[in-house]
Asks: 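I am attaching a structure below and will ask some questions about it afterwards.
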Amino acid sequence: MKAVELSKSYNPKDFEERIYAYWRDNGEFKPRGGKEGHFSVVMPPPNVTGVLHMGHALNNVLQDIIVRYHRMTGVPTLWVPGTDHAGIATQNVVERQLKAEGLRRQDLGREKFLERTWQVKDKHHAIIKSQLEKMGCSCDWDHERFTMDEGLSKAVRECFVTLYERGLIYKGKYLVNYCPKCGTALSDDEVEYESEPGKLYHVRYPYSDGSGYIIVATTRPETMFGDTAVAVHPEDDRYKGVVGKTLDLPLTDRKIRIIADSFVSREFGTGMVKITPAHDPNDFECGRRNNLEVINILNPDGTLNENCPEKYQGLPAVEARKLVVADLEAAGYIEKIEDHAHEVGHCYRCHTIIEPYLSDQWFVRMKSLAEKALEALEKSDIVFYPKRWENTYQRWMESIRDWCISRQLWWGHRIPVWYCKDCGKEIVSREDITECPHCHSHNIEQDSDVLDTWFSSWLWPFSTLGWPEDTEDLKKFFPTSALVSAYDIIFFWISRMIMSSEEFLGKAPFRDIVITGLVRDKQGRKMSKSLGNGVDPLLIIDQYGADSLKFTLCYMAAQGQDVLIDNDSFKMGSRFANKIWNATRFLLMNLEGRELVDFSISDLTVMDKWIYSRFNSAADEIRKAMEGYRFNDAANAVYSFFWNDLCDWYIEDTKQKLLSGSDEEKNLQISILMDLLEKSMRLIHPFLSFISEEIYQKLPNHKGDVIVQHYPEFDSNLVFAEEVEKVESLKDIVRSCRSLRSSLQIAPEKKIKVMLRTGEGFKAMDLVKSEKGFISTLAGASEFIIDETGCEDTQGAVPASGAGYECFLFVKEAIDVDAEIRKLSTEIGKAEKLLEGAEKKLGNPQFMNNAKAEAVEKEKKKKAEALEVIEKSKAHIELLKSI
RNA sequence: GGAGGAUUAGCUCAGCGGGAGAGCGCCUGCCUUACAAGCAGGAUGUCACAAGUUCAAUCCUUGUAUCCUCCA
């Protein structure tokens with residue numbers, strides 16, 4: 001057989017793109033496994049604005065690992081990709097473009113504006129798709145969906161109309177979060193609160209009967225024009241008797257009443273609160289309870305309207321505030337002004353301050369939906385990883401509020417409601433209509449609003465599979481198996497998907513909910529453009545390769561913890577990939593002139609059995625880790641098996657045989673190595689997909705594409721506990737010798753005589769004998785003597801000890817005897833500490849009675865070992881002194 | 001105001017009832033014919049603080065401090 005040549009260094013650019021195309025063109029991403037059951041994942045659809053950032057990379061890389069792992073177990077596996085139209089975000093992008101051209105969306109008109117938005121969508125979609133491909137995502141592109149494509153739009157219609165028919169959708173006057181800049185209502189979750197320095201204004205409201213005044217505290221004095229009451233706590237002793245009295249509202253000619261309501265905090269300000277139902281959520285509720293008038297004082301653009309005194313009309317709220325305060329002050333209504341930090345809501349898209357605003361909006365009644373979703377958790381139909389998010393989910397569901405789903409935007413799913421201008425009826429329809437079904441008038445008009453983006457994405461797990469049609473995909477792949485998402489959209493998205501799925505399909509949309517952390521910079525800050533601390537996944541791929549990106553993220557993604565990284569973090573994955581590359585390169589070189597032979601367990605040496613055992617354990621660890629979505633543990637197992645076990649010890653051990661063994665020995669050895677390499681590539685594939693495929697296809701014993709090979713499983717035939725113990729013992733001996741050499745500053749090329757003296761209970765004798773050459777090489781021995789009787793002369797040797805053995809290095813050069821003695825003394829010190837602890841426990845009757853038998857055994861062993869170390873070390877000190 | 005998370009080596013973080021770990025960085029020595037993106041050896045920690053439970057606490061409980069996040 002000829003050697004297979006690999007380029008000298010790992011260069012992912014040579015093959016990543018080619019391999020991706022190969023997989024895709026060969027249909028490897030399609031669900032084709034033959035086993036029973038299915039494994040399916042829907043990709044959280046990235047927004048078609050902007051490009052993918054490191055958070056997307058983390059999310060998709062983890063999905064890819066899960067998907068590849070399950071695909072290799074042989075079940076039909078489907079990963080559905082897609083993108084989200086992202087209403088406000090995308091519309092903002094287009095509006096920014098227009099602004100640069102001096103235009104507004106109204107100048108274009110709805111149709112032209114939407115055309116332009118579709119162009120933006122197409123552009124960003126192409127970028128996103130290519131990014132996902134570069135990352136190596138093994139999603140089935142034939143299943144790709146977009147939240148505004150035909151099928152999904154149909155699903156949205158079906159959903160809206162059905163909910164309407166079930167009485168779960170209503171239109172109502174409601175106080176909504178309103179962004180004056182975006183010109184739309186926002187859901188509660190789309191408002192971000194930030195603490196901001198502000199003022200607390202104490203304002204005097206005089207009694208109408210002239211008997212003095214009361215003082216109310218407010219942070220937003222301009223809203224006083226919408227005041228319709230002042231409230232006190234019903235049990236506030238300070239204000240007994242004032243309830244029911246009338247006040248003159250300053251700067252106006254209106255009169256308002258004092259009411260009692262227990263929502264008032266007695267501690268805040270003066271304990272008297274002005275009630276502005278149209279402009280504060282709490283006040284709105286209070287107003288409802290007390291049948292207060294609701295006066296809206298704002299225009300849609302956030303300026304004051306005709307319900308305010310004329311001089312303030314048309315002013316933005318912040319401007320009006322200044323003027324109102326000045327006027328109040330001039331009229332002597334201001335008691336005092338103090339600094340006051342308070343939470344201010346901002347639009348999550350454009351960061352403008354949110355105004356609570358009274359308007360007509362569409363809502364979904366959430367209570368019944370939430371109840372079903374809670375039940376799903378109680379019945380364990382859904383499981384969160386990590387589990388603690390279940391509390392968060394539960395609390396949110398329990399305190400659910402109705403969901404405002406209308407948005408005053410153009411980009412999105414138009415609300416399927418028509419109004420007949422002739423008969424005044426409201427028509428909700430699955431199909432577009434041109435005629436009023438009641439009076440047959442053509443004078444009808446569709447509601448101009450669109451639906452919240454999440455109203456389409458909450459259907460994602462089943463709408464992407466064809467719902468509302470009863471498709472094959474839906475039958476085969478729904479419910480999906482796992483959903484991977486960061487914790488920031490549990491409420492926006494995850495919770496709502498569960499609700500919609502329970503409502504429309506009667507089951508949870510997925511079983512496992514894998515919550516990842518957020519990607520942050522090394523200081524723990526969110527990555528953002530303004531901070532300039534972002535790490536671009538594409539640049540990382542360019543620099544280190546997609547496998548490095550993937551493996552590093554996986555290695556760092558511990559149980560939903562945030563992932564803190566910088567550019568250099570990815571060297572870790574890159575080094576590992578390079579190691580894999582070079583180990584393979586070495587092995588493939590050694591194929592020259594060899595024949596692969598069949599072998600069985602009886603042909604295996606102790607070392608062989610050890611490495612197969614280690615491989616077996618690694619496969620088992622990885623399976624357990626994957627089942628619990630502990631990605632870092634899985635990555636760790638892969639890493640330490642390949643590098644520490646296979647490369648550092650096993651391959652090193654085989655070098656000698658590969659160089660100087662007989663042809664037969666060489667053939668057997670390289671065959672075993674090829675078997676291990678083939679298995680390793682399968683083991684590694686979910687975590688470093690490109691390199692493992694590239695290598696796999698070059699192996700003489702490969703069986704097709706690694707992406708669809710069977711994932712290694714725990715094999716009880718490959719458990720060799722005794723051999724493992726022996727090899728660990730051998731490694732220990734080598735380490736002792738190396739450590740001694742190093743501390744004695746013996747140059748690597750200097751070979752010296754080494755003697756191993758073994759005591760009772762030393763099990764690895766046969767291994768030590770058969771691996772004499774290997775030990776000699778690693779220990780730099782010119783001569784390696786085994787002393788089983790303890791009779792050999794140790795005069796003049798430098799000693800070291802371990803469990804069941806002593807090593808003696810016969811050094812002729814002058815050595816630093818004192819330093820060695822000091823080293824031994826610290827070892828004695830450590831051992832004495834251990835001994836003390838062990839003896840204390842063993843001498844403690846309560847320990848002996850209560851502790852587990854294994855714990856007691858362990859302490860006994862500890863004690864024996866400590867005694868051995870102390871004894872030997874003391875003897876060694878004497879030996880050194882005699883030099 | 002409520003809830004959750006974090007606090008372990010210089011840095012980033014695993015671990016989680018019985019002798020403190022990884023990667024990076026650092027120190028020493030090696031271009032050993034796969035890999036200097038490597039190899040070998042080494043140093044570094046009152047596991048935030050305080051009580052409690054336990055035969056035994058970095059790990060469980062409670063409290064404190066500092067930091068972060070979410071919700072109101």
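Residue numbering restarts at 1 for every chain, and letters A, B, ... go by the order of the sequence lines.
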Asks: Is there a donor-acceptor pair closer than 3.5 Å between any side-chain N or O of A:K698 and the backbone N or O of A:V4?
Replies: no
Asks: Under 4.0 Å, counting only non-hydrogen atoms across every strand here, what does A:R741 touch: a base, just sugar-phosphate, or nothing?
Replies: nothing
Asks: Just call it for A:K655: base, sugar-phosphate, or nothing, with non-hydrogen atoms closer than 4.0 Å on any strand.
Replies: base
Asks: Counting side-chain heavy atoms from C-beta on, which of B:A34, B:C71, B:U12 comes nearest to A:M556?
Replies: B:U12
Asks: Using a 4.0 Å heavy-atom cut-off, does A:F576 contact any base of the nucleic acid, only the sugar-phosphate backbone, or nothing at all?
Replies: nothing
Asks: Just the rounded figure in Å: distance from P of B:C68 to OH of A:Y487.
Replies: 13 Å
Asks: Quick one: do A:K840 and A:N844 satisfy side chain to side chain contact (heavy atoms under 4.5 Å, CB included)? Show the steps, please.
Replies: CA-CA 6 Å; A:K840 202 173 140 195; A:N844 181 349; over 6 Å; no
Asks: Side chains of A:N636 and A:N632: is there a donor and an acceptor less than 3.5 Å apart?
Replies: no
Asks: When you compare the protein's N or O atoms with those of nucleotides 39-45 of chain B, which come within less than 3.5 Å of each other, and at what distance?
Replies:
unit_1: B:C39; atom_1: OP1; unit_2: A:K579; atom_2: NZ; d: 3.1
unit_1: B:C39; atom_1: OP1; unit_2: A:W643; atom_2: NE1; d: 2.6
unit_1: B:A40; atom_1: O3'; unit_2: A:R738; atom_2: NH1; d: 3.4
unit_1: B:G41; atom_1: O2'; unit_2: A:S742; atom_2: OG; d: 2.7
unit_1: B:G42; atom_1: OP1; unit_2: A:S739; atom_2: OG; d: 3.1

Asks: Mind checking A:E854 for me? I need base, sugar-phosphate or nothing, with any heavy atom below 4.0 Å counting as a touch.
Replies: nothing
Asks: Which part of the nucleic acid, if any, lies within reach of A:N844 when heavy atoms closer than 4.0 Å are counted: base, sugar-phosphate only, or nothing?
Replies: sugar-phosphate
Asks: Please pick, from B:A14, B:U28, B:C55, the nucleotide with the shortest atom-to-atom distance to any side-chain atom of A:Q745.
Replies: B:U28
Asks: Looking at the side chain of A:M572, which of B:G19, B:G23, B:A14 is the nearest nucleotide?
Replies: B:G23
Asks: If we take the P atom in both B:A43 and B:A22, what is their distance in whole Å?
Replies: 12 Å
